[in-house]
Structure formats: structure tokens, C-alpha cells
Amino acid sequence: MKKNPIILLVDDIPENIQLLGAILKNQGYSFALTTSGKETYKLLEKVTPDIILLDVMLPDEDGFKICKNLKNIESTKDIPVLFLTAKNDTADKIKGFKVGAVDYITKPFEELEVIERVKNHLQAKLDRDQIKAYNKELEVIVDQRTNALLKKERENILAQFIQGVVHNIRGPISSALAASDLIQAMRDDLNWKIDEGIDKNELKKEMAEVWQILELNNDVLRKMSGNLESMLRKSRTDQIQENDVYDLNEMILQELEFLDVDLKFKNQVDKKINLSSEPLAVFVSLGDIAQIFENLIKNAMDAMYEIDNPNIVIETGSSKGFNWFSVEDNGNGIPENIICNIFDPFFTTKALQADKNDINAPPTGTGIGLQFCKKTVKAYNGKIEVEEGRKKGAKFTVFLPAFT
Ligand SMILES: Nc1ncnc2c1ncn2[C@@H]1O[C@H](COP(=O)(O)OP(=O)(O)OP(=O)(O)O)[C@@H](O)[C@H]1O
Ligand SMILES: [Mg+2]
């Protein structure tokens with residue numbers, strides 16, 4: 001046994017205490033002693049023993065009641081309890097098991113029996129503790145890795161966002177520059193025509209063309225400014241992490257506008273948007289829902305890689321106290337034998353890294369997208385479901401508690 005285990009002996013009969021105490025001491029165990037229910041509860045507030053040896057008859061409360069209470073307290077419920085019962089008292093033994101004891105030691109005490117039973121249950125308890133500790137460590141490692149990967153994912157999204165901004169501005173700027181070049185050229189031409197005394201109507205015609213180009217330019221600049229505003233709005237709302245009441249329909253529309261930055265999504269995917277006609281209030285952080293939606297869309301896009309007529313159906317609705325949205329694609333679908341694993345951390349069927357020389361390289365992934373979605377949705381007391389038994393494509397639905 002790795003650490004020095006602590007045994008709590010609860011008994012008020014001096015001979016028992018002496019005998020059991022001597023046996024335990026001989027085995028090198030440390031033990032604490034209490035002689036009533038009251039004393040036991042008090043001691044357990046300060047000390048957490050590895051095992052409790054509990055007598056049935058105590059001056060204030062009987063052992064069964066004490067055991068039942070300890071099993072209802074978070075800090076003591078996992079400590080194994082062994083009852084000290086009379087040899088022939090089957091009823092007490094059964095009662096002990098019913099209130100949560102793991103075993104009993106019969107009186108009069110047989111040294112070997114005491115040693116064996118205490119040793120076995122202690123070992124089992126310490127093994128359980130170790131497994132719990134390993135699980136905790138593992139959870140911390142998984143969380144650290146997930147956070148690192150999420151950071152990377154955010155960085156990728158930021159890079160994509162910047163590319164989107166550049167893309168959205170580069171085109172209109174070129175048009176505006178070309179238009180002003182043209183106006184400049186027309187100014188020279190007009191000056192020449194004025195100097196030459198060309199007909200007034202001819203000049204008016206050319207001036208009208210200049211105004212037309214200027215108007216077009218204004219439209220281009222206004223559109224560009226609108227794009228910038230909407231992208232800025234989106235990047236600001238992403239940073240707001242406090243929960244607030246939002247309409248799921250509006251959130252989805254705003255996200256779709258942002259996702260249009262991806263030209264493939266914008267131009268090559270047929271999208272059907274069936275939003276509920278009623279507002280769907282949810283109390284959430286906008287950034288969280290945006291990330292869930294982006295993950296589902298990215299998965300759908302990945303699944304439709306190399307599909308001829310990619311299409312996505314996005315729907316919202318409400319049912320049984322939940323407001324929901326769903327993302328459905330007509331991609332390759334999810335094979336039946338992996339559908340139970342897709343929400344596990346780091347489960348992916350995609351390549352981890354793309355071949356940089358291949359512009360048509362298949363999609364890459366780290367396997368944290370759906371795990372993130374599940375964890376986040378759970379934190380809102382919602383759920384995420386994947387449709388099973390499909391022959392083609394995939395459909396994910398996210399349910400969030402309706403805000404009333
Ligand atoms: N729409 C979908 N169609 C087909 N398979 C899907 C779909 N969504 C998820 N999957 C399957 O579930 C797996 C896990 O998805 P998840 O989003 O967690 O990770 P990933 O997309 O592989 O990587 P990451 O999201 O970290 O970039 C995917 O690798 C894929 O096999
Ligand atoms: Mg994914």
C-alpha cells in the first residue's frame with residue numbers, strides 16, 4: 001500500500017477497542033477512535049479516513065443510521081464501512097449491506113479475519129482513489145490540449161477573417177480606383193473639348209457620363225463600408241462573453257453573413273434556410289453559439305468535399321421547452337460504426353495536416369470540434385444530437401433551453 005492509510009474505529013466498548021486497536025497497531029495502521037455518532041460526525045469534518053469500522057450499538061445513534069447518513073454526504077460517501085456484528089446475527093449483516101456497508105467483521109474478533117478483511121477493503125479503496133486521481137490528471141491534460149487546439153482554431157479563424165476582409169475590400173477598391181482614373185481621363189478630354197468650343201449638348205452628354213461613373217463609385221464605396229461594418233460588428237460580438245437573451249433566428253442570419261466570407265460557401269453551396277416564423281429566445285453568449293454553428297458548417301463543408309451538388313439545409317424551431325437549430329448536408333455521411341465516437345475528444349477521420357503542395361488536398365481536422373460543441377451546449381443545459389440511420393449526408397441539431 002502506497003500511503004499510510006487511516007482507519008476510523010467507531011465503538012464504545014473498551015474491550016473491543018483494546019482488541020481491535022492492538023490488531024490494527026500490529027499491522028502498522030494509523031487509526032482514530034470515536035465512541036458515539038456525534039463524535040464521529042465531528043471528526044469526519046476534519047479527517048477523511050480510508051476505511052471505517054463501525055459498531056452497531058452506540059450510545060446516541062445506531063451504526064446503521066450513521067452509515068446511511070455518511071453515504072449521503074459527498075465527502076464521506078466513498079469511504080468503505082465495515083460493520084462490527086455478532087457472529088450469528090444475520091439480520092444485522094443484511095441491514096448493514098442495505099445501508100451501504102461493504103462488509104462486516106464478526107465478534108468475537110478473529111485476528112486473521114480482521115487483518116484480511118481490512119487489508120482487502122483498504123487496497124480496493126486505495127486502488128479506486130488512484131484511478132480517480134488518474135482520471136482527474138487525464139481530464140486536466142485533455143482540457144489543456146483542447147484549449148491549445150481551440151486557440152489554434154481561433155487563430156485560424158482570425159487568419160480566415162483577415163483574408164475575408166482583404167478579399168471584401170480589394171475588389172471594390174480596384175473598381176473605385178479604375179473609376180476615378182476614368183473620371184480623370186474624362187476631365188482632360190472635357191477640358192480639351194471646352195477649349196475647342198465643342199457643342200454644348202455634346203459636353204452635357206459627356207458630363208452625364210461622368211456623374212454616372214461617380215454614382216457607381218459611390219455605390220461601390222457604400223457597399224464596402226457596409227461590409228466592413230458588418231465584419232466589425234461580428235468581431236466585436238465574438239468577444240462579448242456574457243450571456244444575454246438573443247433570437248436564435250437572428251443569430252443564425254448574422255452568422256451566415258459572416259460565413260459568406262468563404263467564397264466556396266457563398267457561391268458553390270446550395271443553401272436552404274428554413275427559419276421559424278416565431279422569434280426563438282435563448283439566454284446564451286453569442287460567441288459560443290457562433291462557434292458551434294461555425295463548427296457544424298465546417299464539418300458539413302468538409303463532408304461535401306468533392307460532392308457534385310453540395311447543399312446545406314439550415315433550420316430553426318422550437319419543441320418541448322427547447323429552441324433548436326439544425327445543419328444538414330448531403331455529404332459522405334457518418335459510417336454507423338463510428339457514430340458513437342464522433343463527440344469524443346480528438347476523434348477525427350480527417351488528416352491532421354494538409355499537403356501544402358496540393359491545393360485540392362482533402363480537409364484536415366483535430367477532432368475537437370464536436371467535443372467543444374457538446375461541452376458548450378451541455379453547459380447551457382442543452383443537448384446536441386446527430387441523426388442516426390441515414391444512408392446519405394448528416395444532420396446535427398442543437399437544442400437550447402427556451403428563454404421565457
Ligand atoms: N457533417 C458530417 N458529415 C460526416 N462526418 C462528420 C460530420 N460531422 C462530423 N463528422 C465526423 O465526426 C468526426 C469528428 O468531428 P469533429 O468536428 O469533432 O472533428 P474534426 O472535424 O475531424 O476536426 P476539427 O473539428 O477539430 O477540425 C469527423 O472527423 C468526421 O468523421
Ligand atoms: Mg470539425
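Numbers for residues simply follow the sequence, beginning at 1.
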(request) State whether the side chain of N330 and the backbone N or O of N309 hold a donor-acceptor pair below 3.5 Å, judged by distance alone. (result) yes
(request) Check whether any side-chain N or O of Y104 sits under 3.5 Å from a backbone N or O of I94 as a donor-acceptor pair, and report yes or no. (result) no
(request) Hey, could you give me the NZ/OG1 distance between K95 and T85, rounded to the nearest 0.5 Å? (result) 12.5 Å
(message) Quick check: do L248 and F293 have side-chain heavy atoms less than 4.5 Å from each other?
(response) no
(message) Could you check whether any side-chain N or O of D60 sits under 3.5 Å from a backbone N or O of G37, counting only pairs where one atom can act as donor and the other as acceptor?
(response) yes
(message) Do the side chains of D199 and K205 get close enough for a salt bridge, i.e. N-O under 4.0 angstrom?
(response) no
(message) Run L44 and L8 through side chain to side chain contact (heavy atoms under 4.5 Å, CB included) and show every step you take.
(response) CA-CA 9 Å; L44 286 172; L8 172 62; 4.1 Å; yes
(message) Please find the pair of heavy atoms, one from L122 and one from Y29, that lie closest to each other, and give the distance.
(response) CD1-CE2, 3.5 Å
(request) Decide if atom NZ of K93 counts as having more than 12 heavy atoms of other residues, nucleotides or ligands within a radius under 6.0 Å. (result) yes
(request) Name all residues meeting the ring pair (Phe, Tyr, Trp, His ring centres under 6.0 Å) criterion together with F343; count only those two or more places apart in sequence or in a different chain, and write none if there are none. (result) none
(message) Ring of F265, cation from K271 - is the NZ or CZ under 6.0 Å from the centre and inside 45° of the axis?
(response) yes
(request) Grab the two heavy atoms, one from I289 and one from Y380, that are nearest each other, plus how far apart they are. (result) CD1-CE1, 4.2 Å
(request) Work out which heavy atom in P49 is nearest to a heavy atom in I52; give both atom names and the distance. (result) CG-CG1, 4.0 Å
(message) Please find the pair of heavy atoms, one from P59 and one from D12, that lie closest to each other, and give the distance.
(response) CD-OD2, 3.4 Å
(request) Rounded to the nearest 0.5 Å, what's the gap from CG on D55 to CD1 on I105? Could you check? (result) 11.0 Å
(message) Just so I know, are the side chains of E111 and V114 near enough to count as touching, which here means a heavy-atom distance under 4.5 Å?
(response) no
(request) Kindly indicate, with the supporting measurements, whether the criterion side chain to side chain contact (heavy atoms under 4.5 Å, CB included) is fulfilled by N299 and D329. (result) CA-CA 9 Å; N299 281 348; D329 62 68; over 6 Å; no
(request) Find out whether the Lys NZ or Arg CZ of K350 is both under 6.0 angstrom from the six-membered ring centre of Y305 and within 45° of the ring's axis. (result) no
(message) I need the minimum non-hydrogen distance between G331 and K392, along with the two atoms involved.
(response) O-CG, 4.2 Å
(message) Within the 4.5 Å heavy-atom criterion, are I314 and I297 side-chain neighbours or not?
(response) yes
(request) Measure from the side-chain N and O atoms of N249 to the backbone N and O of S276, and report whether any donor-acceptor pair falls under 3.5 Å. (result) yes
(message) Parallel, tilted or perpendicular: which one describes the rings of F399 and W324, with boundaries at 30° and 60°?
(response) tilted
Would you mind writing out the side-chain donor-acceptor pairs for residues 70-84 within the sub-3.5 Å range, not counting sequence neighbours?
from: K71; atom 1: NZ; to: K77; atom 2: O; distance (Å): 3.0
from: K71; atom 1: NZ; to: I79; atom 2: O; distance (Å): 2.9
from: N72; atom 1: ND2; to: K68; atom 2: O; distance (Å): 3.4
from: E74; atom 1: OE2; to: K77; atom 2: NZ; distance (Å): 3.4
from: T76; atom 1: OG1; to: L70; atom 2: O; distance (Å): 2.7
from: T76; atom 1: OG1; to: I73; atom 2: O; distance (Å): 3.4
from: D78; atom 1: OD2; to: K132; atom 2: NZ; distance (Å): 3.0

(message) Test your reading of the model: is there a side-chain donor-acceptor pair from D247 to the backbone of L280, 3.5 Å cut-off?
(response) yes
(message) Salt bridge check, E196 against K193: does any charged N sit closer than 4.0 Å to a carboxylate O?
(response) no
(message) Quick check: do K395 and E315 have side-chain heavy atoms less than 4.5 Å from each other?
(response) yes
(message) Can you confirm whether more than 12 heavy atoms, excluding those of R145, are under 6.0 Å from its CZ atom?
(response) no
(request) For the pair N311 (side chain) and D270 (backbone), establish whether a donor and an acceptor sit closer than 3.5 Å, ignoring hydrogens and angles. (result) no
(request) May I ask you to check whether Q291 and N295 show a side-chain donor-acceptor distance below 3.5 Å? (result) no
(request) Starting at OG1 of T366, measure out to CZ of F372 and round the result to the nearest 0.5 Å. (result) 12.0 Å
(message) Is the shortest side-chain heavy-atom distance between F346 and D344 below 4.5 Å?
(response) no
(request) Would you check if V284 and M251 make a side-chain contact, meaning some heavy-atom pair closer than 4.5 Å? (result) yes
(request) Rounded to the nearest 0.5 Å, what's the gap from CE on M207 to CG on L190? Could you check? (result) 6.0 Å
(message) What I'd like to find out is whether the side chain of D89 reaches to under 4.5 Å of the side chain of V56, using heavy atoms alone.
(response) no
(message) Using a 3.5 Å distance criterion without hydrogens, assess whether the side chain of D50 forms a donor-acceptor pair with backbone atoms of I6.
(response) yes
(request) Kindly say whether T35 contributes a backbone atom to a donor-acceptor pair with the side chain of E39 at under 3.5 angstrom? (result) yes
(message) Checking F403 now: which residues fulfil ring pair (Phe, Tyr, Trp, His ring centres under 6.0 Å) with it, not counting sequence neighbours?
(response) F283
(request) Please report the closest heavy-atom contact between C67 and A101, naming both atoms and the distance. (result) SG-N, 4.0 Å
(message) So N323 and T316, do their side chains get closer than 4.5 Å, heavy atoms only?
(response) no
(request) Answer yes or no: is there an ion pair linking K298 with D302, defined by an N-O contact shorter than 4.0 Å? (result) yes
(message) Whether the side chain of N217 engages the backbone of I213 through a donor-acceptor N/O pair (distance < 3.5 Å, no angle test) should be reported.
(response) no
(message) Does L20 form a side chain to side chain contact (heavy atoms under 4.5 Å, CB included) with F31? I'd like the steps, not just the answer.
(response) CA-CA 10 Å; L20 268 180; F31 74 95; over 6 Å; no
(request) Measure the spacing between CG of L138 and NZ of K136 and express it to the nearest 0.5 Å. (result) 13.0 Å
(message) What's the separation between atom CZ in F109 and atom CG in L19, rounded to the nearest 0.5 Å?
(response) 7.0 Å
(request) Let me see the working for I51 and K125 under side chain to side chain contact (heavy atoms under 4.5 Å, CB included), right down to the final yes or no. (result) CA-CA 8 Å; I51 200 165; K125 157 78 168 41; over 6 Å; no
(request) Dump the intermediate steps for side-chain hydrogen bond (donor to acceptor under 3.5 Å, both in side chains) on Y246 and Q254, then the final yes or no. (result) CA-CA 12 Å; Y246 295 100; Q254 195 180 327; over 6 Å; no
